[in-house]
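So that the names make sense, note that chain A is the first sequence line, chain B the second, and so on, each numbered from 1. All values below come from the heavy atoms of this structure, side chains included, with hydrogens, waters and symmetry mates left out.
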Number of protein chains: 2
Amino acid sequence: MATAQVAEQTGPEQPFFPDEPFKPHMRTAIPGPESHKAIRDLDKVFDTGSLNMMANYQNSFGNYIADLDGNVLLDVYAQIASIPVGYSNPTLLAVATSPEMASAIINRPALGNFPQHDWADILRTGVLKVAPKGLDQVFTAMAGSDANEVAYKAAFMWKRRQERGGADVEFSAEEISSAMNNQSPGSPHMSILSFKSAFHGRLFGSLSTTRSKPVHKLDIPAFDWPQAPFPQLKYPLAERASENAAEEARCLAETEDLIKNFHNPVAAVVVEPIQSEGGDNHASAAFFKGLREITKRHDVMFIVDEVQTGVGATGRFWAHDHWNMADPPDMVTFSKKAQTAGFYFVNPDLRPNKPYRQFNTWMGDPARAILFRAIIKEIERLNLVESTAQVGGYLYSGLERLAERYPNEIQNLRGKGQGTFIAWDSPRREDFLKRAKGFGVNIGGSGERAVRLRPMLVFQKHHGGFSLYRPGLCDIGKTQS
Amino acid sequence: MATAQVAEQTGPEQPFFPDEPFKPHMRTAIPGPESHKAIRDLDKVFDTGSLNMMANYQNSFGNYIADLDGNVLLDVYAQIASIPVGYSNPTLLAVATSPEMASAIINRPALGNFPQHDWADILRTGVLKVAPKGLDQVFTAMAGSDANEVAYKAAFMWKRRQERGGADVEFSAEEISSAMNNQSPGSPHMSILSFKSAFHGRLFGSLSTTRSKPVHKLDIPAFDWPQAPFPQLKYPLAERASENAAEEARCLAETEDLIKNFHNPVAAVVVEPIQSEGGDNHASAAFFKGLREITKRHDVMFIVDEVQTGVGATGRFWAHDHWNMADPPDMVTFSKKAQTAGFYFVNPDLRPNKPYRQFNTWMGDPARAILFRAIIKEIERLNLVESTAQVGGYLYSGLERLAERYPNEIQNLRGKGQGTFIAWDSPRREDFLKRAKGFGVNIGGSGERAVRLRPMLVFQKHHGGFSLYRPGLCDIGKTQS
């Protein structure tokens, strides 16, 4: 990627972390000898089959991840999009060593039974301070997968309550006895509708809505739930507008058809604003507004899964903010960069009508909620959502020029106006990712052939300038052995 | 419970925490006015339908939990059996404020992709140091529910791999395409067998094996999986030996019959050493040995769910240690008092044959694994498993005498020789629990009518002496209004 233009534009920029490394520093191939030894050792007790790189986090700082062999890489993968404000962030460090955090770590409550006295305050000044527009309550969880599953459970309980005739109608004897036997009507044959190539997690319920890759699903029993087609847009968008609009209309029509006709009635539709694991697949705001309308029309819940897209990466705090939708989603799930998880909602009917229906021992983790509050403060202090919007625009234009120069290497560039949530298709993706690592850039893929940028919110223009400028990164087609 | 005998036996005892309160201190009814206000406030943003008591953990210490109104209660419920070594434990506090913990909190890795350099060491000196006999590997998770689900997934993948003819046999095209559609054979119609009144969690897969109460299951879709009867033992055990043996034989026979004949083939049997949420139901070592034999005979996995029973509460580190079984279980799941979660195993075939099959972003939490290591050290330092065995024996004999005196209040006393994992049936359970709280003892129930003791491992004879001596606790039948 020899692009002098990109580097020139970098210009003087105030770094968020003056002590951050100036650039990657590669001493060995990855994994180097020390890492090799450590990986072999770890493999004796822990599956290393999916290991990418062994890291030393005490030596990692800002956008840079360190390994055991003295290598320091620019990290635009960020723990699968989960590090929000940089490694070893000094502001977070202060909070992590506070007496409040220490108490939260060692005195972990069963939140539904014995919440701590300041739980409402922790939520209001943290998790709920950034609640999506129109939503004012939260059910906390542990990770993206179970955040989605508690949202699904809320949808099923809500739908069955409607069918039953309201909160005051008691369960029938038949419901009670059949539920204990995992049979209908107590365990209803209802479903959650998701989309092809969606990813919503890997527990049994969430995996039944995940349609990303066979390796995620093979050999695991799944519910008989419907999948609708997700728009497969053609790029560049401006040139394929009418074709894309027709594709989205087709997907909406099939979605509505499934809601009307699928044999296991649909309680909710779940969708990612940008399909992430499935290959960075985008759709227009019009498509999502259409979905919202369909779910209203048929009285099913509309769940937006912001596990990967949320917390600023798209240049808005929530990716669905881009849609400017009149009605909020019914539920919005979050995790990853929030470092805690759960779902937001507003409809009081999504609180079950009896105690212990939506419940588990921990119901989240106050320590992680305290950390999210600190992350939010750091985002505000450094104005990181706005910064990400700008840096993303800068990155996208640079990549656009590169794509013109290397049309065989950078295809279907996407994510314009979506902050740093940018991706493109690469015909030699695995080689590209490996070579990038050799140059000192830790970068990941999604789907079958996409390269995805998933930097932290503290990623700045000068980081982009460096990584794009790196000569040779786009020449892999010519030089691979 | 006016039992002078019990109090007399208390005698001089070295307290683990000299600074612990000497006894409960009740200033108001619970909830008091401050708590009332705080609960009303919390309810605006967070479901308080299952709230038991709002706590102030900074003021809680050792076995005593504080609330917002100046009340301090002896806590023998311990966050649903999840606090191992006391509130605000000084040893844990030191670890919670260490630089190592701070880094773990703010630099949370995607453990399967980018583990930290000392992850093997953290596991070996912590989680794996207490691995059940015969098991030497671990897959880490977040909570009991997903610990069970990843164990189930491992069982399904293992079983299908066997059926397919080994790790080298590739997935068929039909498997791949059907899995993406949630259909067999790719999403196989296989099952996990669990027991009536079992509790294994509330996510969709784990909830399909949970059979504790309708309120846990109603309105949630479930897999068509089999449930075997769990022995319903009669007490006192010594007087009903032959009857109980016959009951266990009957349950084993039905279990084997289900494994042989259930229409969705069984990949694994999951069982709790003591059914906890389901009402503190016990079975003999012979029953569990019989189960192990049946699972071997039919080549299905034997999963022992030690989420509530594990980490010392039964007077052995793992409750299944009591069985003295020749073969270890195939998998043992843990959470709660470990403050982290996962499953132990030894068979290398339980590691999937391809990367990213058993995977998720966080795959546990190093911060919580570091905490578990500190908990283990504290358990060793204070010899808490042995102590719990002794205190449990003392408690049990005291309760035995009380049961003789109050046969209508304390029925089916159980947990002899099982540390402090003691329970009894109470015909007026809700009143008893409420009255106990009024006296300054926070205690919980399980199942329909059991009172369960689930104190911390730092519960000592003098705590028991106090709570049992409390006059009037067993007279509720006479005095209720």
- In this structure, CZ of B:Phe204 is separated from CZ of A:Phe156 (nearest 0.5 Å) by 5.0 Å
- Query: Any idea which heavy atoms bring B:Pro115 and A:Leu51 closest together, and the distance?
  - Reply: CG-CD1, 3.3 Å
- Query: How long is the gap from CD1 on A:Ile105 to OG1 on B:Thr97, to the nearest 0.5 Å?
  - Reply: 9.0 Å
- Contact leader toward chain B among A:His189, A:Lys44, A:Met101, where contacts are heavy-atom pairs under 4.5 Å: A:Lys44
- Query: Given the options B:Pro221, B:Ser184, B:Ala104, B:Ser98, which has more heavy-atom pairs under 4.5 Å with chain A than any of the others?
  - Reply: B:Pro221
- Which atoms of B:Leu128 approach chain A - backbone, side chain, both or neither, heavy atom under 4.5 Å: side chain
- Query: Can you tell me how far the CG atom of A:Asn107 sits from the OG atom of B:Ser60, to the nearest 0.5 Å?
  - Reply: 6.5 Å
- Side chain from CB out, backbone as N, CA, C, O: work out which of these in A:Ala131 comes under 4.5 Å of a heavy atom of chain B, or both, or neither. neither
- Please answer whether the main-chain N or O of A:Leu218 pairs with a side-chain N or O of B:Arg160 as donor and acceptor at a distance below 3.5 Å. no
- Task: Measure across B:Asn113 and A:Ser50 and return the closest heavy-atom pair with its distance rounded to 0.1 Å.
- Result: ND2-O, 2.8 Å
- Message: Please classify the contact of A:Leu371 with chain B as side chain, backbone, both or neither, using a heavy-atom distance under 4.5 Å.
- Response: side chain
- Message: Classify the ring geometry of B:Phe139 against A:Phe46: parallel below 30°, tilted from 30° to 60°, perpendicular beyond 60°.
- Response: parallel
- Item | Rounded distance [0.5 Å steps], CG in B:Leu42 versus CG in A:Asp118 | 10.5 Å
- Task: Please determine which of B:Pro226, B:Ser208, B:Ser191 meets the side chain to side chain contact (heavy atoms under 4.5 Å, CB included) test together with A:Asn182.
- Result: B:Ser208
- Item | Considering all heavy atoms, the nearest B:Arg108-A:Arg368 contact | NH1-NE, 3.7 Å
- Task: Look at A:Lys354, A:His216, A:Gln339 and state which one has the largest set of heavy-atom pairs under 4.5 Å with chain B.
- Result: A:Gln339
- Given a strict heavy-atom distance threshold of 4.5 Å, which part of A:Ser82 is in contact with chain B: side chain, backbone, both, or neither? side chain
- Item | Nearest-0.5 Å distance, CG of residue B:Asn360 to CZ of residue A:Arg202 | 7.5 Å
- Query: If you tally heavy-atom pairs under 4.5 Å against chain B, which of A:Ala38, A:Ala179, A:Gly86 wins?
  - Reply: A:Ala179
- Message: For B:Ala374, which atoms come within 4.5 Å of any heavy atom of chain A: side chain, backbone, both, or neither?
- Response: neither
- Minimum-distance pair of heavy atoms, taken over all atoms of A:Glu149 and B:Leu203: OE1-CB, 3.3 Å
- Highest number of heavy-atom pairs under 4.5 Å with chain A: which of B:Asn181, B:Asp121, B:Val150? B:Asn181
- Message: Could you go through A:Ser103 and B:Tyr87, starting from their C-alpha distance and side-chain angles, then the distance that decides it, and tell me whether this counts as side chain to side chain contact (heavy atoms under 4.5 Å, CB included)?
- Response: CA-CA 9 Å; A:Ser103 177; B:Tyr87 292 114; over 6 Å; no
- Quick one: what part of B:Asp67 sits under 4.5 Å from any heavy atom of chain A, side chain, backbone, both or neither? neither
- Message: Using heavy-atom distances under 4.5 Å, tell me whether B:Thr140 contacts chain A through its side chain, its backbone, both, or neither.
- Response: both
- Item | Which of B:Lys217, B:Lys213, B:Glu175, B:Met190 touches chain A most, by non-hydrogen pairs under 4.5 Å | B:Lys217
- Task: Salt-bridge test for A:Asp43 and B:Arg351: reply yes if a basic N is under 4.0 Å from a carboxylate O, no otherwise.
- Result: yes
- Item | Heavy-atom contact with chain A under 4.5 Å, split by part of B:Leu92 | both
- Query: Which pair of heavy atoms, one from B:Leu93 and one from A:Ala102, lies closest together, and at what distance?
  - Reply: CD1-CB, 3.6 Å
- Go through the steps for A:Glu34 and B:His117 under the test side chain to side chain contact (heavy atoms under 4.5 Å, CB included), then give the verdict. CA-CA 10 Å; A:Glu34 287 302 314; B:His117 65 287; over 6 Å; no
- Message: Tell me if the centroids of the rings in A:Phe223 and B:Phe223 come within less than 6.0 Å of each other.
- Response: yes
- Message: Just so I understand: if I count every heavy-atom pair under 4.5 Å between each of B:Ser212, B:Ala55, B:Pro214 and chain A, which residue has the most?
- Response: B:Ala55
- Portion of B:Phe114 that has a non-hydrogen atom of chain A nearer than 4.5 angstrom: both
- Query: For B:Asn89, is it the side chain, the backbone, both, or neither that has a heavy atom closer than 4.5 Å to a heavy atom of chain A?
  - Reply: backbone
- Find the distance between CZ (A:Arg211) and CE (B:Met180) and round it off to the nearest 0.5 Å. 7.5 Å
- Would you say the side chains of B:Asp47 and A:Gln358 form a donor-acceptor pair under 3.5 Å? no
- Atom group of B:Lys196 that falls short of 4.5 Å from chain A, counting heavy atoms: neither
- Query: So which part of B:Gln183 gets closer than 4.5 Å to some heavy atom of chain A, the side chain, the backbone, both or neither?
  - Reply: side chain
- Task: Would you mind checking which part of B:Thr361 comes under 4.5 Å of any heavy atom in chain A, side chain (CB onward), backbone (N, CA, C, O), both or neither?
- Result: both
- Selection from B:Thr48, B:Ile220, B:Ile83, B:Ile65 maximising heavy-atom pairs under 4.5 Å formed with chain A: B:Ile220
- Item | salt bridge (charged side-chain N to carboxylate O under 4.0 Å, His left out) evaluation trace for A:Asp41 with B:Arg124 | CA-CA 11 Å; A:Asp41 182 52; B:Arg124 281 210 186 90; 3.0 Å; yes
- Item | Among A:Ala143, A:Gly444, A:Ala110, residue most engaged with chain B (heavy-atom pairs, under 4.5 Å) | A:Ala110
- Task: Sort out for me which residue in B:Arg161, B:Arg164, B:Lys159, B:Lys153 forms a salt bridge (Lys or Arg N to Asp or Glu O under 4.0 Å) with A:Asp219.
- Result: B:Arg164
- Message: Please give me the minimum heavy-atom distance between B:Ala96 and A:Ile106, naming the atom from each residue.
- Response: CB-CG2, 3.7 Å
- Message: So for B:Asn442, is it side chain, backbone, both, or neither that comes closer than 4.5 Å to the heavy atoms of chain A?
- Response: side chain
- Item | Largest heavy-atom contact set with chain B, pairs under 4.5 Å, which of A:Ala120, A:Ser187, A:Pro188, A:Gly49 | A:Pro188
- Query: Between B:Gln116 and A:Asn56, is a side chain to side chain donor-acceptor pair (under 3.5 Å) present by the stated rule, with each step listed?
  - Reply: CA-CA 6 Å; B:Gln116 61 204 78; A:Asn56 183 321; over 6 Å; no
- Most chain A-contacting option - heavy-atom pairs closer than 4.5 Å, from B:Glu100, B:Arg357, B:Lys336: B:Arg357
